[in-house]
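The next block holds one structure in the form of structure tokens; read it before the comments.
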Amino acid sequence: MKEIVLVAALSENQAIGKDNQLLWHLPEDLKRFRAMTLGHTVIMGRKTFDSIGRPLPKRKNVVLTRNENWSHPNVAVYNDLKKAIAECAEETLMILGGAEIYAQSMPLADRLELTHVHSHFQGDAFFPSIDEDIWKADRGEKKTDAASGISYTFTRWLRKQP
Ligand SMILES: NC(=O)c1ccc[n+]([C@@H]2O[C@H](COP(=O)([O-])OP(=O)(O)OC[C@H]3O[C@@H](n4cnc5c(N)ncnc54)[C@H](OP(=O)(O)O)[C@@H]3O)[C@@H](O)[C@H]2O)c1
């Protein structure tokens with residue numbers, strides 16, 4: 001069975017970005033993100049790809065766009081989310097956002113690997129709300145980034161059995 005995993009970092013008010021940029025710099029979170037996604041297929045929206053600016057190394061990069069003329073070296077392009085998921089043969093598909101793609105893929109996801117940042121941020125892109133009737137949290141220990149003083153918790157959310 002293919003596993004669909006959403007990977008995201010979100011603030012207390014569910015913000016994930018502003019002006020097509022991230023809102024914080026948390027080196028431990030970037031490390032975890034890298035370790036978690038290496039070797040897997042990563043799927044992202046065209047705006048998130050633009051924000052990163054290049055394909056992520058050592059991962060199969062899939063970008064979603066409705067623009068049929070869009071292309072980039074070393075990137076597989078799809079115009080349809082469900083088609084991308086169906087046609088990627090790998091067992092674990094990591095969905096990297098942003099807001100539009102999280103909203104569309106959350107109903108299809110099996111697992112959410114979230115970094116909950118314990119601050120409010122003003123953003124213009126948000127993670128969808130998490131329905132705790134559907135999702136069960138396995139929370140890690142709260143950590144604090146020494147440089148910024150921002151605290152955060154890595155949390156795995158799994159779908160509750162029906
Ligand atoms: N904190 C985090 O973990 C995290 C992670 C990722 C991103 N972000 C932030 O999120 C923000 C970007 O999110 P966003 O919602 O603006 O953009 P996005 O979801 O990255 O990309 C949206 C684009 O994806 C394409 N698209 C959307 N749905 C599609 C579909 N069903 N089929 C084909 N293509 C589809 C469209 O591209 P075209 O316009 O080319 O047609 C659309 O404009 C940035 O601020 C970024 O920094 C944060």
Side-chain angles (χ1 to χ4, degrees), residues 1-11 14-18 20-65 70-118 121 123 125-128 130 135-143 145 147-148 150-159:
M1 253 303 257
K2 214 174 265 182
E3 190 188 23
I4 299 171
V5 184
L6 268 52
V7 185
L10 58 147
S11 70
Q14 313 269 125
I16 59 166
K18 189 174 190 309
N20 216 26
Q21 299 293 322
L22 297 177
L23 293 159
W24 41 72
H25 176 67
L26 298 172
E28 283 301 316
D29 186 43
L30 295 177
K31 251 193 236 170
R32 179 176 184 262
F33 171 85
R34 186 169 186 279
M36 190 173 284
T37 57
L38 269 186
H40 292 297
T41 295
V42 293
I43 302 180
M44 70 197 93
R46 193 264 312 158
K47 291 182 184 170
T48 292
F49 179 80
D50 282 351
S51 163
I52 299 170
R54 66 190 162 92
L56 292 169
K58 299 182 182 162
R59 283 148 279 196
K60 177 182 168 185
N61 285 249
V62 174
V63 170
L64 294 164
T65 174
W70 192 94
S71 71
H72 196 286
N74 301 317
V75 170
V77 186
Y78 281 89
N79 305 119
D80 182 285
L81 171 69
K82 286 192 177 160
K83 192 167 179 226
I85 289 174
E87 290 188 5
C88 288
E90 294 76 10
E91 291 211 335
T92 304
L93 305 181
M94 298 278 186
I95 302 206
L96 306 188
E100 279 189 43
I101 302 303
Y102 289 138
Q104 295 174 48
S105 54
M106 189 134 158
L108 310 170
D110 303 295
R111 172 158 61 101
L112 316 175
E113 292 288 355
L114 302 185
T115 303
H116 290 277
V117 175
H118 303 303
F121 281 84
F126 295 87
F127 195 80
I130 302 166
W135 296 98
K136 185 177 181 334
D138 178 7
R139 293 187 171 82
E141 273 179 31
K142 189 167 163 178
K143 296 168 186 269
D145 177 62
S148 62
I150 293 172
S151 58
Y152 56 93
T153 305
F154 297 139
T155 301
R156 170 171 296 168
W157 294 80
L158 293 175
R159 238 175 224 287

**Report entry** Under the ring pair (Phe, Tyr, Trp, His ring centres under 6.0 Å) test, residues paired with Phe154 that sit two or more places apart
**Finding:** Tyr152
**Report entry** For His72, all residues meeting ring pair (Phe, Tyr, Trp, His ring centres under 6.0 Å), sequence neighbours excluded
**Finding:** Phe49
Heavy-atom pair with the smallest gap, counting every atom of [X] and [Y]:
X      : Y      : answer
Val75  : Pro55  : CG2-CG, 3.9 Å
Phe121 : Ile150 : CZ-CD1, 3.9 Å
Ile101 : Ser105 : O-OG, 2.6 Å
Pro128 : Tyr102 : CD-CB, 3.8 Å
Thr155 : Ala137 : CG2-CB, 3.9 Å

Query raised in the report: So among His116, Lys143, His118, which one has a side chain to side chain donor-acceptor pair (under 3.5 Å) with Thr153?
Result: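 Of the listed residues His116, Lys143, His118, the side chain to side chain donor-acceptor pair (under 3.5 Å) partner of Thr153 is His118.
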Can you tell me how far apart [atom1] ([X]) and [atom2] ([Y]) are? Round to the nearest 0.5 Å.
X      : Y      : atom1 : atom2 : answer
Leu64  : Leu81  : CG    : CG    : 5.5 Å
Phe127 : Leu112 : CZ    : CG    : 5.0 Å
Lys82  : Leu108 : NZ    : CG    : 5.5 Å
Arg111 : Met94  : CZ    : CE    : 5.5 Å
Arg59  : Thr37  : CZ    : OG1   : 4.0 Å
Asp29  : Met36  : CG    : CE    : 9.0 Å

Below 4.5 Å, heavy atoms only, C-beta onward: do [X] and [Y] meet side chain to side chain?
X      : Y      : result
Tyr78  : Ile43  : no
Trp157 : Arg139 : yes
Leu26  : Val117 : yes
Asp145 : Trp24  : no
Lys18  : Leu23  : yes

Query raised in the report: Taking Leu96 as the fixed residue, which of Val42, Val62, Leu6 is the one that meets the side-chain contact (heavy atoms from CB on, under 4.5 Å) rule?
Result: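 Answer after filtering Val42, Val62, Leu6: Val42.
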Determine whether a donor-acceptor pair (N or O, by modelled atom type, separation under 3.5 Å) exists between the side chain of [X] and the backbone of [Y].
X      : Y      : value
Arg32  : Leu30  : no
Asn61  : Leu56  : yes
Arg159 : Ala109 : yes
Lys2   : Ile85  : yes

**Report entry** Under the side-chain contact (heavy atoms from CB on, under 4.5 Å) test, residues paired with Lys136 that sit two or more places apart
**Finding:**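 Lys136 satisfies side-chain contact (heavy atoms from CB on, under 4.5 Å) with Lys160 only.
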Report summary line: By salt bridge (Lys or Arg N to Asp or Glu O under 4.0 Å), Arg34 pairs with (sequence neighbours left out) none
Report task. Carefully, step by step, assess Met106 and Ile95 under the rule side chain to side chain contact (heavy atoms under 4.5 Å, CB included). Result -> CA-CA 9 Å; Met106 189 134 158; Ile95 302 206; over 6 Å; no
Query raised in the report: What pairs of residues pass the side chain to side chain donor-acceptor pair (under 3.5 Å) test when at least one of them lies in residues 90-101, not counting sequence neighbours?
Result: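 For residues 90-101: Thr41-Glu90.
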Query raised in the report: Which residue pairs pass the side chain to side chain donor-acceptor pair (under 3.5 Å) test when at least one of the two sits in residues 47-56, sequence neighbours left out?
Result: Arg46-Asp50
